[in-house]
Amino acid sequence: MPKAYFGKVSALAITGLLTLTACSAGTPQSEPSDVPVPSAEEYLPLLAQTQDDDDKLPEGFEDTESYDPQTRHLLATSDFGRHYVAIGNEGQLCMVAIPEPVEEGGDYEIAGTTCPTMDYVVQNGVPLKVNGGEDSLEIVTYLMPAGISDETVQNAVSEMRASHPELAAEDIQVVAENDSVLLVMEESTAATLGQITINRPEGDPLVLASLT
């Protein structure tokens with residue numbers, strides 16, 4: 001199991017707004033495989049589309065140097081944040097998450113970025129934890145690998161909730177957008193759940209990388 005992917009935080013002040021950007025400290029890696037690995041665009045066709053206004057980062061945020069900003073697209077929005085994808089400088093699939101402010105109407109203040117290699121993505125998906133700022137949520141996001149459907153993840157979430165009745169329905173969210181499935185929650189919820197396993201109809205279960 002590769003190490004969980006974390007970020008380190010740096011401050012960036014723009015026009016009086018303190019914006020925190022979490023940058024990658026390392027990248028998950030997989031064991032070499034003889035199976036052909038698709039490119040990021042083949043894996044997620046959204047990456048080859050033309051950008052529009054929805055693909056812009058919130059005001060005060062800047063792209064990291066780890067990916068091509070011309071390929072950045074908004075993959076999905078959740079109750080916990082905004083989730084973007086982009087193509088890494090070495091062909092990786094990068095994911096950027098910007099957590100929601102704690103207070104409704106508050107400013108976005110922090111972002112996290114991870115760029116795992118495509119062989120890792122094909123097998124494991126994309127895990128990302130973003131440490132919360134002073135006024136924003138601390139979130140854990142999993143982009144599921146191809147072949148795992150929305151229904152499969154929803155079934156897994158139902159099992160999680162049955163095992164943890166103290167969790168509210170809104171504590172765990174499954175978002176299916178742009179040919180992708182995201183599992184999103186706060187870090188405290190992920191810590192309560194512990195090891196998260198997605199049982200597939202066929203094949204071995206997917207054990208998500210621990211980010212807590």
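For the numbers below, each heavy atom of this structure counts, side chains included, while hydrogens, waters and symmetry mates do not.
In this structure, CD1 on Ile139 lies 5.0 Å from NE2 on His83, to the nearest 0.5 angstrom. Atom CD in Gln173 sits 10.0 Å away from atom OG1 in Thr141 (nearest 0.5 Å).
Within 6.0 Å of atom CD in Gln51, more than 12 heavy atoms from other residues, nucleotides or ligands are found, so the atom counts as buried in its surroundings. Within a 6.0 Å sphere centred on CG of Asp204, heavy atoms belonging to other residues, nucleotides or ligands number 12 at most. Heavy atoms from other residues, nucleotides or ligands lying under 6.0 Å from CG of Asn89 number more than 12. Shown here is Glu65, whose CD atom has no more than 12 heavy atoms of other residues, nucleotides or ligands within 6.0 Å.
Between Leu143 and Leu93, some side-chain heavy-atom pair lies under the 4.5 Å cut-off. Within the 4.5 Å cutoff, the side chain of Pro101 has no heavy atoms near those of the Asp135 side chain. Put simply, the side chain of Thr114 does not reach to within 4.5 Å of the side chain of Pro127, judged on heavy atoms. Residues Arg72 and Val96 form no side-chain contact, since every pair of their non-hydrogen atoms from C-beta on lies 4.5 Å or further apart. You'll find the side chain of Arg200 reaches within 4.5 Å of the side chain of Ile148, heavy atoms only. Within the 4.5 Å cutoff, the side chain of Ile198 has no heavy atoms near those of the Tyr142 side chain. Met95 has its side chain within reach of Leu182: a pair of non-hydrogen atoms, C-beta onward, lies under 4.5 Å apart. The shortest side-chain heavy-atom distance between Ile98 and Pro58 falls under the 4.5 Å cut-off.
The nearest pair of heavy atoms linking Asp55 to Tyr84 is O-CE2, 3.7 Å. Taking both residues in full, the closest heavy atoms of Met160 and Leu193 are given as SD-CD1, 3.7 Å, listed atom of the first, atom of the second, then distance. Between Cys94 and Tyr67, the shortest heavy-atom contact is SG-CB, 3.7 Å. Here the closest non-hydrogen pair linking Thr71 and His73 is O-CD2, 3.1 Å. Lys129 and Leu211 make their closest contact through CD-O, 2.9 Å (heavy atoms, listed as atom of the first residue, atom of the second, distance).
When Val102, Val130, Asn131 are each tested for a side-chain contact (heavy atoms from CB on, under 4.5 Å) with Glu138, only one passes: Asn131.
Within the 3.5 Å criterion, the main-chain N or O of Glu159 finds a donor-acceptor partner in the side chain of Ser163.
A donor-acceptor contact closer than 3.5 angstrom links the side chains of Asp119 and Thr117.
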